[in-house]
Amino acid sequence: NSGIVCSTVAARRPGTILMILEPPCGRCHTNVSVLVEPEPLRRYLSGHMLVQDAFPTHTLDEREAIIGHKKGWFLCPTCWTDVFGEDDDD
């Protein structure tokens with residue numbers, strides 16, 4: 001058991017279903033929640049789309065959590081900064 005949580009919820013738009021991905025941080029073990037639509041997630045998980053193509057409106061941190069869901073491990077934004085430092089691209 002990887003500890004990754006995935007649940008399904010109804011969205012505000014009638015007929016729209018969203019999934020909540022909650023991958024745990026590999027360092028602090030905090031679960032990070034990301035809402036995704038099932039079809040883009042299926043295409044990403046099957047290898048038919050890159051994460052940035054499947055989820056173009058999600059933030060970089062949200063996409064990292066989606067990747068973490070697929071891989072079974074990731075670092076939350078706080079732990080990422082603690083381990084690797086601030087992003088120098090700004």
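These figures come from a predicted structure and were not determined experimentally.
- Grouping the Ile, Leu, Val, Met, Phe, Trp and Tyr side chains by contacts below 4.5 angstrom, directly or via other members, places Met49 apart from Ile66.
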Derivation and outcome, side chain to side chain contact (heavy atoms under 4.5 Å, CB included), residues Arg27 and Asp82:
CA-CA 10 Å; Arg27 186 168 182 249; Asp82 289 348; 3.3 Å; yes

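- Leu60 and Leu50 are not part of a single hydrophobic cluster, where members link through side-chain heavy atoms under 4.5 Å apart.
- Judged purely by atom type and a 3.5 angstrom limit, Glu62 uses its side chain to pair as donor or acceptor with the backbone of Thr59.
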Working for side chain to side chain contact (heavy atoms under 4.5 Å, CB included), residues Ile67 and Phe74
CA-CA 8 Å; Ile67 293 168; Phe74 92 115; over 6 Å; no

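- Counting only residues at least two apart or in different chains, ring pair (Phe, Tyr, Trp, His ring centres under 6.0 Å) contacts with residues 16-50 are absent.
- Once rounded to the nearest 0.5 Å, the distance linking NE2 of His69 with CG of Leu45 reads 5.5 Å.
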Please walk me through it: do Val36 and His58 pass side chain to side chain contact (heavy atoms under 4.5 Å, CB included)?
CA-CA 9 Å; Val36 298; His58 285 69; 3.9 Å; yes

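- Screening Val34, Leu35, Leu41 against Leu18 for a side-chain contact (heavy atoms from CB on, under 4.5 Å) leaves a single residue, Leu35.
- Side-chain contact between Leu75 and Trp73 is present, with at least one heavy-atom pair separated by less than 4.5 Å.
- Summarising the geometry of Arg63 relative to Gln52, their closest heavy-atom pair is CD-CA, 3.8 Å, with the distance given to 0.1 Å.
- The salt bridge (Lys or Arg N to Asp or Glu O under 4.0 Å) contacts involving residues 41-52 comprise Glu39-Arg42, Glu39-Arg43, where partners must be two or more places apart or lie in separate chains.
- The two atoms that bring Glu22 and Ile20 nearest to each other are CG-CG2, 3.7 Å, heavy atoms only.
- Note on ring orientation: taking the six-membered ring where Trp is involved, the planes of Trp80 and Phe84 are tilted (angle from 30° to 60°).
- Residue Ala54 comes nearest to Pro40 through the heavy atom pair O-CB, 3.4 Å, listed as atom of the first residue, atom of the second, then distance.
- Between Cys76 and Cys25, the shortest heavy-atom distance links the atoms N-SG, 3.3 Å.
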